Amino acid sequence: MLLIDCPYCKEMRPEIEFAHAGEAHIERPADPASLSDAQWESFLFLRSNQAGICFERWYHVHGCGRYFNAVRNNVSEKFILTYQVDQKRPSDTEIQVALKLKAH
Ligand SMILES: [Zn+2]
């Protein structure tokens with residue numbers, strides 16, 4: 001069973017308690033009314049959808065009920081690290097350190 005580390009509950013919980021909530025760090029436009037239809041469509045629907053290490057939003061639906069961010073490899077399905085939504089996006093160095101810690 002896959003265990004996910006909720007950064008609010010501060011414990012590993014089974015994946016069935018969580019729901020994927022899309023790509024993380026999608027910034028809402030400051031003035032949505034000024035956007036063209038194509039720009040608004042891009043904000044709402046277009047995502048990077050890259051294979052490998054990605055930044056995702058997750059929801060602890062059957063736990064604390066809070067959203068958090070995760071760095072995950074969507075090819076191997078492994079979580080690298082999780083962090084609260086008000087924390088900054090981890091740097092490449094922080095991700096590499098987390099990967100080395102998980103390897104041991
Ligand atoms: Zn939680």
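Given the structure is predicted, the values throughout are model-derived calculations rather than measurements. The chain is numbered in sequence order, starting from 1. Note: hydrogens, waters and symmetry copies are ignored here, and every other heavy atom, side chains too, is used. All ligand and atom numbering here is 1-based and tracks the order in the structure.
- Using a 4.5 Å heavy-atom cutoff, the side chains of Leu2 and Phe18 are not in contact.
- Side-chain atoms of Asp5 and Phe68, non-hydrogen and from C-beta on, never get closer than 4.5 Å to each other.
- Within 6.0 Å of the CG atom in Asp86, the count of heavy atoms belonging to other residues, nucleotides or ligands exceeds 12.
- For the Zn ion (ligand 1), protein N/O/S neighbours under 2.8 Å (waters excluded) are Cys6 SG, Cys9 SG, His60 ND1, Cys64 SG.
- With a 6.0 Å cutoff to the six-membered ring centre and a 45° limit on the axis angle, Arg66 does not count as a cation-pi contact of Tyr59.
- Taking the side chain as every heavy atom from C-beta outward, Leu99 and Leu81 never approach each other to under 4.5 Å.
- No donor-acceptor distance shorter than 3.5 angstrom exists from the side chain of Glu23 to the backbone of Phe55, with no hydrogens or angles considered.
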